[in-house]
4 protein chains.
Amino acid sequence: MAQPKAPDASRRSERSRRAIFDAALALVGEVGYDKLTIEGIASRAGVGKQTIYRWWSSKAAVLLDAFGAVVDEYDQEGLPDTGDLAADLKTVLRATADEFNDAAWQAPYRALAAAGANDEELSRTFVGRLMEPGMRVYVDRLRAAQETGEVATGIDLRIAAEMLMSPFSQRWLMRTGELTHDYVDTLVDLVLHGLRPRD
Amino acid sequence: MAQPKAPDASRRSERSRRAIFDAALALVGEVGYDKLTIEGIASRAGVGKQTIYRWWSSKAAVLLDAFGAVVDEYDQEGLPDTGDLAADLKTVLRATADEFNDAAWQAPYRALAAAGANDEELSRTFVGRLMEPGMRVYVDRLRAAQETGEVATGIDLRIAAEMLMSPFSQRWLMRTGELTHDYVDTLVDLVLHGLRPRD
Amino acid sequence: MAQPKAPDASRRSERSRRAIFDAALALVGEVGYDKLTIEGIASRAGVGKQTIYRWWSSKAAVLLDAFGAVVDEYDQEGLPDTGDLAADLKTVLRATADEFNDAAWQAPYRALAAAGANDEELSRTFVGRLMEPGMRVYVDRLRAAQETGEVATGIDLRIAAEMLMSPFSQRWLMRTGELTHDYVDTLVDLVLHGLRPRD
Amino acid sequence: MAQPKAPDASRRSERSRRAIFDAALALVGEVGYDKLTIEGIASRAGVGKQTIYRWWSSKAAVLLDAFGAVVDEYDQEGLPDTGDLAADLKTVLRATADEFNDAAWQAPYRALAAAGANDEELSRTFVGRLMEPGMRVYVDRLRAAQETGEVATGIDLRIAAEMLMSPFSQRWLMRTGELTHDYVDTLVDLVLHGLRPRD
DNA sequence: CGTTAACCGAGACGGTACGTCCTGTCTTCCC
DNA sequence: GGGAAGACAGGACGTACCGTCTCGGTTAACG
């Protein structure tokens, strides 16, 4: 079952791992994803190329881990639940919009989304690691709202959450519009109207 | 103030142009976007590299033109209007879902969406050339529905259209779910419920 | 019969060819053969690596051509023939000794002799290109001496020439002794004594 | 004034030493000297790389020791002295020719001769360890012949021995000819004729 | 109807990065 | 402390493409 040369993870250099993450994130911001190279990362991190190839299979994989490590620190603990679904969603989506407008997030996130489009394997990891967790907290919050009657029963909450998040992501990814607070508010209102219990 | 070397388009070889398109589309399907190369296209098309560089600035630009030429043949003439908005949307989105599930469309479309994420200029062209026209017909159809009272007035139709199309595109691009007819129907129903005239 | 990608020699850049020779000879003198690298030659010559790989198969092949070009300028025109074989041989071998003691010749010559020992193909070329011509003029001179009676008939002149040159080369290659004029004189005398017509 | 880390030879593993020799000799025969690597030797010998680096400074040094150990078993005990110098020399040189034509000797011997050409230090060891002892027995035999009058007095026996051995070695090293028994006989006769007491 | 200027196929060029291999050092764990 | 194992920083390998340039050849507009 094992690959033909599994490196011994217990001997891995934590120092190098971190230097590689820092270098990858810094470089993707400076030169963009297309001009990001393994050699560049290695050189900036003061690391041999082989140390990268030993642990990752592509620059996308490095970036995914690097960005994942950053995101993990933002420890999501579920959406707020003040009892007012619309207000809660607006609060969180406004914050998310601010994050997406932050240059430090743009480059790696865009890069990974793009790389995922052409690489199914990477795409699965990207979605599972970075997008699914976010999606799940929305579904949970919607389920809670269903129990208080704010949202109709019988609705596919997964699709409901996508109605909220996909227009938002798509707008940003394709640059078809700004992610303003106004936009967020309008979107939340329109979506929630559709989720209301039917008359 | 002309560029240092504006090639004379009137002397351009139509034969070569087509051969390049065919080669680009065939290759992106066979080897994927990342391994698509200008040299590969040139060689497959039986064309000198310079003939590509003379007319396009990158492999993305070639692919965009090549795919654009294919798409143009599907000449969109607006959405049907039978008077039943939901039915009309389902009809068209089901057809679109089938298209997106067609392997011949996947590779170039994904490639361009991905390339656009990292290249703002390309992104603008991609959206303007391939996505905007599609979006526009939806907005038009929604406006018609607004006039018949099926959709509430005062709604931002652009955002409404995005609520319909973005979850759909995102699902496909990120591979977070299948584009089935059932999915389309559910999505349309949920969205339209949100667009109904308020009580 | 042809190799799978014969480059077009008529388009070859003479400028690059010369720059490569110069760089190779300079570097082998500066850093030695073992630390001579294709990358180093390319970089010093201001040339792409591929330009070297296109025309040569190894650093040894480059060096052989480079050194060959230098040697060719020394245009051998046969040994002098004053009628005194011993004197003629001493004159020429003394000059050769001086050449072999010249640092500029040492590095490439040693390198090629060494590389040839481990690479039969290269060895054939090295011998044929650089050593055979030298050997031949000695054989010719000995043949002339045979006609004047200075050298016995029936002697294998090839072996005779080797008796003269091999101890000389071996001494230099293996560093088992100095190549002084005295040494040369002694060697010539001993060898010629063996070649004298038998009593 | 000891080196920074003089390993304690008394604790050295004889088992590893032998495994390294065997691996080095086997590999140089299989893949040639250029592709012989320390890693390859270590791995084939079932030994850590450090165990090699601890005791030798280069692959050439390993090979020299390995080959030296083999040669030592051939324990030279001087040339035969039947009273007939020519016959004795032919006997021994014929045997040597057979040895040099044996594939098992070729690779390491050639490799070391080549490595010596570019590495003065190695060259001294190689000559001193493997070539000098052989040379010495020839000089001794010639001296004995001088005392019986077969060889002229006043001759530099060192140079005389080289006249015999260098053409032989050179021919083999440079592949300029076969080492046949006929060749050996002719060479011995020619050389001895030159060494005869002058008239 | 010949001249000539541009596009064209071809591919050599100076470069950059790839992913692999090996070097020589260092660290860990075992005996 | 020697030895097996192997991660590490470093660097060269030989390959693949990049985007530029130069070379005939062909082809269309102009004189």
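Convention: sequence-line order gives letters A, B, ...; per-chain numbering from 1. Just so it is clear, the model here is predicted, and its values are computed rather than measured. Note: hydrogens, waters and symmetry copies are ignored here, and every other heavy atom, side chains too, is used.
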Indicate, with a heavy-atom threshold strictly under 4.0 Å, whether B:G40 touches base, sugar-phosphate, or nothing.
nothing
Below 4.0 angstrom from OP1 or OP2 of F:dA4, is there any side-chain N or O of D:S16?
yes
E:dC7 phosphate, OP1 or OP2: any side-chain N/O from B:S13 under 4.0 angstrom?
no
Length of the NZ-P vector between A:K35 and F:dG19, whole Å
9 Å
Under 4.0 Å between a Lys/Arg side-chain N and an Asp/Glu carboxylate O for A:D72 and A:R129?
yes
With a 6.0 Å cut-off on ring centres, are D:F126 and D:Y109 close enough?
yes
Roughly how many Å is it from CZ in B:R15 to P in F:dT27, rounded to a whole number?
11 Å
N or O in side chain of C:R11 less than 4.0 angstrom from E:dA10 OP1/OP2
no
Whole-Å distance, C:I52 CD1 to E:dA12 P, equals 16 Å
Separation of C:I41 atom CD1 from F:dA12 atom P, in whole Å?
12 Å
When the nearest nucleotide of DNA chain F is assigned to A:A42 and to C:Y53 on a heavy-atom basis, which residue is associated with the more 5' position?
A:A42
D:R18 atom CZ, neighbour heavy-atom count above 12 within 6.0 Å
no
Does a donor on one side chain and an acceptor on the other come within less than 3.5 Å for B:R54 and B:Q50?
no
Separation of atom CG in D:L36 from atom C1' in E:dT23, rounded to whole Å
14 Å
Let me spell it out: for each of B:Q50 and A:K49, pick the nucleotide of DNA chain E with the closest heavy atom. Which residue's pick is nearer the 5' end?
B:Q50
To the nearest angstrom, the CH2-P distance between D:W56 and F:dG2 comes to 14 Å
Between F:dC8 and A:W55, is there an OP1 or OP2 to side-chain N/O distance shorter than 4.0 Å?
yes
Rounded to whole Å, CD1 of D:I38 lies from P of F:dA5 at a distance of 17 Å
Nearest-nucleotide wise, let me know which of B:E39 and A:E14 is further upstream toward the 5' end of DNA chain F.
A:E14
Could you tell me whether D:R110 and C:E120 have a side-chain N and a carboxylate O separated by less than 4.0 Å?
no
Give a yes/no answer on whether the side chain of D:T51 brings an N or O atom under 4.0 Å of OP1 or OP2 in F:dG2.
no
In whole angstroms, how far is the C1' atom of E:dC21 from the NZ atom of D:K59?
13 Å
Using heavy atoms to find the nearest nucleotide of DNA chain E for C:A45 and B:R54 separately, return the residue whose nucleotide is more 5′.
B:R54
